[in-house]
Structure formats: C-alpha cells, structure tokens
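These notes are about the structure you will find just below.
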Amino acid sequence: MHIGVIGTGYVGLVTGACFAEFGVYVTCVDKDQSKIESLKKGIVPFFEPGLESLVNKNLKNGRLRFSTDIADAVKDSLVIFIAVGTPPRGDGSADLSYVEEVARQIAKNMNGYKVIVTKSTVPVGTGERLKKIISEALNENHRFDIVSNPEFLREGSAIEDFMRPNRVVIGAESPEAIAIMRDLYRPLYLIETPFVITNIETAELIKYASNSFLAVKISFINEIANLCEKVGADVHVVAKAMGLDQRIGPKFLHPGPGYGGSCFPKDTLALIRLAEEHGEDLNIVKAAVKVNQLQRERMVRKIVSSLGDLKDKVIAILGLSFKPNTNDTRESPSIHIINELKKSGAVIRAYDPAAMNDMKVLFPDIIYAEDPYDACSGADALVIITEWNEFRNLELERIKSLMKDRYFFDLRNIYEPSKVKDLGFIYQSVGRKV
Ligand code: UDX
C-alpha cells in the first residue's frame, strides 16, 4: 500500500516513519523546502529518541520518501494523512486554516478513490467540514471518505507509543474506509491492540477528552501536593496508594511545576471553547487549566519566599524542555519561572541536555551552562524543573562545593528529601515532607 502524510512536524514524521517500518510505502510532504531537503538526507529537525535512525533505515530501503509536491503524494496514495498544525487562536479555539488548505489541495489532485485521514487534533465537526470543502474543490467526480484517526503520541516515547499503542481509534462512516484503515494497522492487530471503531465525531472528541482528563489528573495531584505541604503528608505515598486502586490507576499522578507541551495546554483550551460554542460549561477542565497556571506561580513563590530579594542572586536552572527526552520548550513551566525570576533581578545559569538552542530564541540574555555543575557554579539556589535522567544522580557533594548558598528546589521530586537535607542543602520539593 502507498500512503501520503502531509506535514512533517512531530506527528507527521513519526507517523510516516513508523508506517514505513510496518512495510507501507510512504511519501511525506511539507511545503518547507529546506526541511524536506534535510529530511531527504536523513536529518530530523528535532530530537526524538529513535526517530532519526528509523527515518534513515526506511529512506535507504526505499519505503520512505520526502517531497514538497502534494500532487505527487496524492496521486500515488490510497490513504492520505493530514498532519499539519492546528495552532491556538487568541480565543483558544484551534486554527484550522492549514488543515483546510491541505484538504483543498488533496481535492484538486485526486485521481481516484482516496481515504483522507485527520491525524492532527481537530475540533469535533472538522470531519464533516472537510467533507464539504473537498466535495466543493474536487475537479472531477472522485469518491473519497473522511476518517478521524487521532494520535496519542507522547514526545520522547513517540515510536514506542506508535508501535505499541494502548488503543487505535478510527472514526469513519464507510465500511470500505474502515477496512482500509484496519489493513494499514494490521501489524498492531497481531499484537492484539484494542481498536475502537466509531463515528467521526466520537473519534474527534476522544482525543480532546483523553488529553483533558490527563491534564485534570495532573492538576488534581498538584493541588493535593500543595495540601500535603501544609498538613505534613507525603504526596508520593498518597499518589501511590491512590494509584493502587485500579479505578484510579497510578499514571499521571506525579506532582510538579504543572503540565506543558504542545498538547495539554492547547487541547484543554480548545475543548473548553468547543463546549462553549455548544452552550456547555466544562467546569472541571477550566479548573485544571487555572490550577496549572497557579502551580507555576506557586513554584516562583516557593523560590522567592526562601531567597528573599532576588536582585543579583544567581539561580541554576536544570531542565528547560517541558519534559525529558525532547528539545520541545512549548508551554514549558521553565519559561514562566525563568521570566519571573529574571524580572526580580536574578541571574539565571541554565542547563538542558537538548533544549538550550530552542530556549536561546526566547531568552538570549541568560547564561547557558556547559553541564549541571557549570550551571551550579557560584549559584545561590539550584532549581530542577525537568526530570532528565542525567539530573537524577548528580554528585551532590560536588554541587554543594560549587554553590555559593545551599537552596535546592526539586520541582520534580527526583531526590530523597532526607538524604539531600542531610548533605546540608536547604531542600524543598513539591508536596513531600523534609
Ligand atoms: C501528551 C499525551 O500524553 C499524548 O497522548 C498526546 O497525544 C499528546 O500530549 P506529551 O505532551 O508529549 O503527550 O507529554 P506527556 O508525557 O503527556 O506530558 C505532558 C506534560 O504533563 C509534561 O509537561 C509533563 O511533565 C506533565 N506531567 C505528566 C506531570 O506534570 N505529571 C505527570 O504525572 C505526568
């Protein structure tokens, strides 16, 4: 089977490379010429473990190719995935102009029956809308079907999530399109992946409901963590015991500085907006969004209330990306925290294994360190914002000898409070008793 994937961002590239690995012939298309030239050479423009080697392997065996020509991909392919961006508009709703433009171009280049699949996260009703746009833009009378096949890829483990997903959701009306989609995902049938086959609107809503629910879980545990600090309880034990209840589950109950990334902040707002358009108020999702903002602010207050006046205080920041194993800094809690510390006159010495180049665009004027030890050199305080593995086993004696003062804010709770305290640090976590 030949398929086309339009958009070589994070979702598109992972989808294209993984389907090629499944044995499908894939043409990935992007209008960005320089990006396509790099990809043809096997250079992936962002950091995702395992992706570059998968791209190179499938480039070499001829199952994966890159092009700027959408016509080329449409003509050769039975299935075309739309994986272009849906950035938030000012009011939180998703901007569908890229998706709609791609749909028009697909329509103009159709040469037979096509299955047109939305992989981008799109509001409920987009499938219907695309059907209309494509019907109007068709040059000749070709048959086509629309499918919603939302992605659930986590940055940093996207290949694993694609190859071994918890479920595959396929929203479609036509049995023919469903059969083709099942065939495409056949390798996952073999490993008994659950398939949810439903209508387009339900599939579209599943994505928003899933992401928003996870955001709610995180905000919930963050509020419980804050309460733990007041009553002397340990949030890790609370979360562990809660998670042992199978109705709750142990995942996404890790407290911290709040969620970030390209999905949760955007998708929660888009779901709230969508509900409002239909006269519904999603109070729980709204609360999760508010708590997330308050959590970032609380992290800054934690630092300020310990250090006092921040003027000329040196603060080492470890971790800039919104989570480990990615260079993505979109909506990262580090942005808010650094901004506020800078405003109060602090000198920032930051280190991240992958995200420093991206952060330099936002903060050209902070100090970017060589490694965690360089970041801590002369620092009054150390703040861990992202739980990269390489921060889990720092030589704390060495850090102590390099720092000017001993404040240690572990915003991801990766250290054992009593051990760090015994070493002489003034340690604070999120919701754990010291
Ligand atoms: C998310 C969804 O998990 C994925 O299914 C969807 O398709 C895209 O959005 P991603 O944004 O890559 O994936 O990251 P994820 O691992 O879900 O983490 C999101 C944010 O929540 C990160 O900032 C992370 O640090 C935070 N988080 C996650 C917590 O603070 N606590 C947790 O327990 C889990």
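For reference, positions follow the sequence shown, starting with 1. Counting starts at 1 for both ligands and their atoms, in listed order. Remember, predicted model here, so these are calculated numbers, not experimental data.
- With respect to atom 32 (C) of ligand 1, the closest heavy atom belonging to the protein is H254 O, 3.6 Å.
- Under the 4.0 angstrom criterion for non-hydrogen atoms, G260 is in contact with ligand 1.
- The line from CD of E48 to CZ of R154 is 10.0 Å long, rounded to the nearest 0.5 Å.
- The distance criterion of under 3.5 Å between nitrogen or oxygen atoms is not met by G261 with respect to ligand 1.
- Set against the non-hydrogen atoms of C263, the atoms of ligand 1 under 4.0 Å away are 8 (C), 9 (O).
- Of the listed options E387, R154, R412, R412 places a heavy atom closest to atom 24 (C) of ligand 1.
- Exactly one of R301, Q293, Q295 qualifies for a side chain to side chain donor-acceptor pair (under 3.5 Å) with E297. That residue is Q293.
- Where the criterion is an N or O separation shorter than 3.5 Å, residue side chain and backbone included, E155 meets it with respect to ligand 1.
- Of the N or O atoms in I218, none lie within a sub-3.5 Å distance of an N or O in ligand 1.
- The part of L153 lying near ligand 1 is the backbone, judged by heavy-atom distances below 4.0 Å.
- Residue-level proximity to ligand 1 for K207 is carried by the side chain, the only part with a heavy atom below 4.0 angstrom.
- In this structure, the separation between CG on D267 and CG on L274 is 11.5 Å, given to the nearest 0.5 Å.
- Counting heavy atoms only, F264 comes closest to atom 2 (C) of ligand 1 of the residues F152, F264, Y259.
- Near K323, meaning under 4.0 Å from any of its heavy atoms, are these atoms of ligand 1: 10 (P), 12 (O), 14 (O), 15 (P), 16 (O).
- For K302 and F409, the positive end is not near the middle of the six-membered ring at less than 6.0 Å and at most 45° from its axis.
- The aromatic rings of F22 and F162 sit tilted, their planes meeting at an angle between 30° and 60°.
- Annotation: atom 34 (C) of ligand 1 to nearest protein heavy atom, F252 CD2, 3.3 Å.
- Aromatic pair F425/Y415: centroids not less than 6.0 angstrom apart.
- Annotation: the span from E101 atom CD to K31 atom NZ amounts to 7.5 Å, rounded to 0.5 Å.
- Residue contacts with ligand 1 for L253 involve N, CA, C or O but no side-chain atom from C-beta outward (heavy atoms, distance under 4.0 Å).
- Ring planes of F195 and Y185: perpendicular class, angle over 60° (limits at 30 and 60°).
- No side-chain heavy atom of M359 sits less than 4.5 Å from a side-chain heavy atom of D352.
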